[in-house]
Amino acid sequence: ADPATSQIAFTETHAFRSSGGGFVRAEGDGVYRFPLVRVDLKTGATKPLLLSVPFDGPLPRPESNYHGTEDSVHSHGAYRLGLTWLEIRGDALCVVLGTEEGASAVEFDLAALHGD
């Protein structure tokens, strides 16, 4: 799917940003993935990150605003779940995921995200 929004959050040394829309690798996979990237503000070096969100039940194909083949589908816009907000809260990266019904936030320890 296309990204729900383009988000970025900053610490003193790094930026974290969404780098694409969410995706499910294969039908029946049960995990929605969101690509992120960590950028070192001093060097410009990047490190890809991937947020994996498990879900239960089927993920039906979109009924509108998409294109695809028998084997793949691309939604024009977010589909069912979207990364809607990034924020630094103390020593954590807060990621907000939205659906049509509401939103939920998850936090990740920044020290763990900086570990290589």
Side-chain angles (χ1 to χ4, degrees):
D2 289 335
T5 61
S6 178
Q7 292 297 317
I8 192 164
F10 292 94
T11 68
E12 290 182 15
T13 59
H14 291 84
F16 294 87
R17 67 175 181 84
S18 57
S19 60
F23 64 93
V24 176
R25 287 194 173 136
E27 191 172 346
D29 181 21
V31 178
Y32 217 129
R33 293 169 175 86
F34 294 90
L36 303 168
V37 67
R38 182 190 77 190
V39 181
D40 184 305
L41 297 175
K42 186 174 183 180
T43 67
T46 61
K47 178 181 180 182
L49 304 169
L50 190 62
L51 173 61
S52 298
V53 181
F55 64 90
D56 291 326
L59 183 65
R61 288 176 173 249
E63 295 180 7
S64 62
N65 297 325
Y66 74 96
H67 70 271
T69 66
E70 187 175 312
D71 297 326
S72 78
V73 174
H74 180 93
S75 173
H76 303 291
Y79 183 65
R80 299 283 175 133
L81 183 64
L83 192 155
T84 60
W85 189 257
L86 293 176
E87 180 179 348
I88 303 300
R89 291 185 183 168
D91 292 332
L93 172 66
C94 177
V95 178
V96 177
L97 300 167
T99 67
E100 290 181 0
E101 291 80 31
S104 297
V106 291
E107 292 188 359
F108 299 92
D109 180 50
L110 285 171
L113 294 175
H114 290 307
D116 289 314

Stepwise side-chain contact (heavy atoms from CB on, under 4.5 Å) check, L59 with R80: CA-CA 8 Å; L59 183 65; R80 299 283 175 133; 3.7 Å; yes
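- Side-chain contact check for H114 versus R38: some heavy-atom pair is nearer than 4.5 Å.
- The two atoms that bring R33 and V31 nearest to each other are NH1-O, 3.3 Å, heavy atoms only.
- Atom-to-atom distance recorded for H74:NE2 and F23:CZ is 12.5 Å, nearest 0.5 angstrom.
- For E27, the CD atom sits in a loose shell: 12 or fewer heavy atoms of surrounding residues, nucleotides or ligands are nearer than 6.0 Å.
- Shown here for D71 and R61, the closest heavy-atom pair between the two residues is N-NH2, 4.2 Å.
- The minimum heavy-atom distance linking C94 with A105 is given by the pair SG-CB, 3.8 Å.
- Side-chain contact between T46 and V37 is present, with heavy atoms from C-beta onward closer than 4.5 Å.
- Counting non-hydrogen atoms of other residues, nucleotides and ligands closer than 6.0 Å to CG of D109 gives a total above 12.
- Just one residue in the list L50, L49, L83 forms a side-chain contact (heavy atoms from CB on, under 4.5 Å) with F34, and that residue is L83.
- Heavy atoms from other residues, nucleotides or ligands lying under 6.0 Å from OH of Y66 number 12 at most.
- Within the 4.5 Å cutoff, the side chain of S75 has no heavy atoms near those of the D2 side chain.
- Counting heavy atoms from C-beta outward, L86 and V95 have side chains that approach closer than 4.5 Å.
- For the side-chain contact (heavy atoms from CB on, under 4.5 Å) criterion with T11, the lone passing option out of L113, L93, L110 is L110.
- Note on F55: it clusters hydrophobically with V53, by side-chain heavy-atom contacts below 4.5 Å among ILVMFWY residues.
- Following chains of ILVMFWY side-chain contacts shorter than 4.5 Å, one cannot reach L36 starting from F10, and the two form parts of different hydrophobic clusters.
- At a threshold of 4.5 Å between non-hydrogen side-chain atoms, the residues H67 and H76 count as touching.
- Remark: side-chain polar atoms of S18 are not paired, donor with acceptor, to backbone N or O of G20 under 3.5 angstrom.
- Residue D40 comes nearest to H14 through the heavy atom pair CA-CD2, 3.6 Å, listed as atom of the first residue, atom of the second, then distance.
- Side chains of Y79 and N65 form no contact here, defined as non-hydrogen atoms less than 4.5 Å apart.
- A 4.5 Å side-chain heavy-atom check between L97 and Y32 finds every atom pair outside the cut-off.
- The side-chain heavy atoms of R17 and S6, taken from C-beta on, include no pair separated by under 4.5 Å.
- Note that CG of L81 is 10.5 Å distant from CD of E101, once rounded to the nearest 0.5 Å.
- Here the CD atom belonging to E107 is positioned 10.0 Å from the CD1 atom belonging to I88, to the nearest 0.5 angstrom.
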